[in-house]
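Excluded from the calculations below are hydrogen atoms, water molecules and symmetry mates; all remaining heavy atoms, backbone and side chain alike, are included.
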Amino acid sequence: MKKIGIAGNHLMHANPRFGTNYVNYIQKNYAAGITNGGALPIILPIGAPELASDYIATIDALLLPGGQDVSPDDYGEEPIPQIGEIDPQRDAFEIALIQAAIAADKPIFGICRGAQIINVALGGTLYQDLTTQVPALAVKHDQYPTKWSTPTHHLAWQGSNWLTAHMSKTALVNSFHHQAVKTLATGLQLDATSTDGVIEAFSDEKRRIYGVQWHPEMLLMADKNAQLVFDAFISRV
C-alpha cells in the first residue's frame with residue numbers, strides 16, 4: 001500500500017477545547033482523500049528541519065495541506081500590514097520536507113498553503129494579500145461565510161495538464177485564501193488560473209510536483225468527484 005505523508009499543523013495558542021495542550025493535527029478530510037484513493041495516510045508532526053530526510057524515508061509521497069500564511073521572510077520580503085498569522089517553525093520544517101522529497105525523487109502535492117510553500121521552497125514568490133496587491137481582482141478568493149464544500153468560482157485551464165483529464169473544462173472550485181503564488185518558481189508549469197488571473201494550479205511532471213490553490217478535501221464533503229484530484233496524484237506515486 002502506498003504511504004502518503006501528510007505534513008501536520010499544530011495549535012499555536014491556548015483554546016477552550018484543548019487548553020494549553022498544543023496538539024499536532026490535520027483536518028480529517030485530507031486523510032479521507034488519501035484513503036479513498038487506496039493509499040495510507042501517515043501524519044508527519046512538525047519537527048526540526050534536520051528530521052525531514054528521516055520522515056521522507058518512511059513514506060512514498062508527500063502532501064502539504066493548508067494553514068497559516070507563509071512568512072515573506074522566506075522569499076526575501078518585509079511583511080505588509082495585511083499579512084495574517086505566520087509560523088516560521090512550520091515554514092522551515094515544510095521547506096526541509098520539500099527539499100528532502102525532491103532529493104529522494106518522491107512526489108509532492110500541495111493544497112492552498114501547501115502549493116504556496118512549494119513555490120517558495122523552489123524560489124518563487126507570493127502575494128502577501130491579494131486584495132491589497134492585486135487591485136484588478138474580479139473574483140472573491142476568500143468565499144467565507146459560504147460553506148467549505150460549495151464551489152464558487154471557475155478555473156481557466158492553461159493547456160493540457162495532469163488535471164484536465166479528470167476535471168471539467170468549466171470546473172468550479174472553492175476558495176479560502178488571501179495569499180497566492182505571484183512569481184512561479186523556475187521549472188513549474190502553469191496549469192490553471194482563476195478567471196481574473198490568479199494562479200490556481202501548477203505542476204512539474206519530471207519531478208512529480210503538483211499544487212492547487214483550492215481545497216479538494218473540503219469539496220469531498222459534498223461532491224465525490226473531488227476525489228479525482230487525489231486520485232490523479234496517487235496515480236503518480
*So, Gln143 side chain and Ser175 main chain: donor-acceptor pair closer than 3.5 Å or not?*
yes

*Report yes if the side chains of Pro107 and Phe233 come closer than 4.5 Å at any heavy-atom pair, otherwise no.*
yes

*asked:* Between Lys3 and Ile42 (side chain of the first, backbone of the second, donor and acceptor by atom type, cut-off under 3.5 Å), is there such a pair?
replied: no

_How long is the straight-line distance from CE of Met1 back to CG of Leu40, given to the nearest 0.5 Å?_
5.5 Å

*To the nearest 0.5 Å, how far apart are CD1 in Ile117 and CG in Asp74?*
5.5 Å

*Name the orientation class of the two ring planes belonging to Tyr210 and Trp162 (parallel below 30°, tilted from 30 to 60°, perpendicular beyond 60°).*
tilted

*So Val212 and Phe109, side-chain contact (heavy atoms from CB on, under 4.5 Å) or not? Walk me through it.*
CA-CA 8 Å; Val212 300; Phe109 180 31; 4.0 Å; yes

*Option among Asp69, Asp87, Asp91 that satisfies the side chain to side chain donor-acceptor pair (under 3.5 Å) test with Arg113*: Asp91

*When the ring centroid of His153 is compared with that of His141, is the distance short of 6.0 Å?*
yes

*Dump the intermediate steps for side-chain contact (heavy atoms from CB on, under 4.5 Å) on Glu205 and Arg236, then the final yes or no.*
CA-CA 9 Å; Glu205 287 284 10; Arg236 285 162 166 77; 3.3 Å; yes

*Side-chain donor/acceptor of Lys2 to backbone N/O of Asp60, under 3.5 Å*: no

_Given 3.5 Å as the limit, does a donor-acceptor pair link the side chain of Thr183 with the main chain of Thr125, or not?_
no

*Hey, does Gln116 have a side-chain heavy atom less than 4.5 Å from the side chain of Gln213?*
yes

_Donor-acceptor contact present, side-chain Asn174 to main-chain His215, <3.5 Å_ = yes

*Give a yes or no answer on whether the side chain of Tyr30 reaches the backbone of Pro41 with a donor-acceptor pair at less than 3.5 Å.*
no

*Is a side-chain N or O of Arg90 found less than 3.5 angstrom from the main chain of Asn9, in a donor-acceptor match?*
no

*Apply side chain to side chain donor-acceptor pair (under 3.5 Å) to the pair Glu77 and Gln128, showing each step before the final yes or no.*
CA-CA 9 Å; Glu77 293 185 7; Gln128 295 185 44; 3.0 Å; yes

*asked:* I need the His177 NE2 to Asp142 CG distance, nearest 0.5 Å.
replied: 8.0 Å

_Within this structure, what is the OH-CG distance for the pair Tyr75 and Asn119, rounded to the nearest 0.5 Å?_
10.0 Å

*When hydrophobic residues are tied together by side-chain contacts of less than 4.5 Å, even through go-betweens, does Phe93 share a cluster with Val70?*
yes

*Indicate yes or no for a side-chain donor-acceptor contact from Tyr127 to the backbone of Thr132 under 3.5 Å, with no hydrogens or angles considered.*
no

_The criterion is salt bridge (charged side-chain N to carboxylate O under 4.0 Å, His left out); which residues satisfy it with Asp204, sequence neighbours excluded?_
Arg207

_Trace of the side chain to side chain donor-acceptor pair (under 3.5 Å) decision for Asp73 with Ser71_ = CA-CA 5 Å; Asp73 185 59; Ser71 172; 5.1 Å; no

_Asp191 CG to Gln158 CD distance, which is reported to the nearest 0.5 Å_ = 8.5 Å

*Measure the spacing between CG of Leu51 and CD1 of Ile56 and express it to the nearest 0.5 Å.*
11.5 Å

_Between Glu94 (side chain only) and Ala7 (backbone N and O only), is there a donor and an acceptor less than 3.5 Å apart?_
no

_Neighbour count above 12 (heavy atom, 6.0 Å) for Glu78 CD_ = no

*Mind listing the closest non-hydrogen atom pair of Leu184 and Val181 along with its distance?*
CD1-CG1, 3.9 Å

*For Lys140, does the NZ atom have more than 12 heavy-atom neighbours from other residues, nucleotides or ligands under 6.0 Å away?*
yes

*Measure from the side-chain N and O atoms of Asp223 to the backbone N and O of Leu219, and report whether any donor-acceptor pair falls under 3.5 Å.*
no

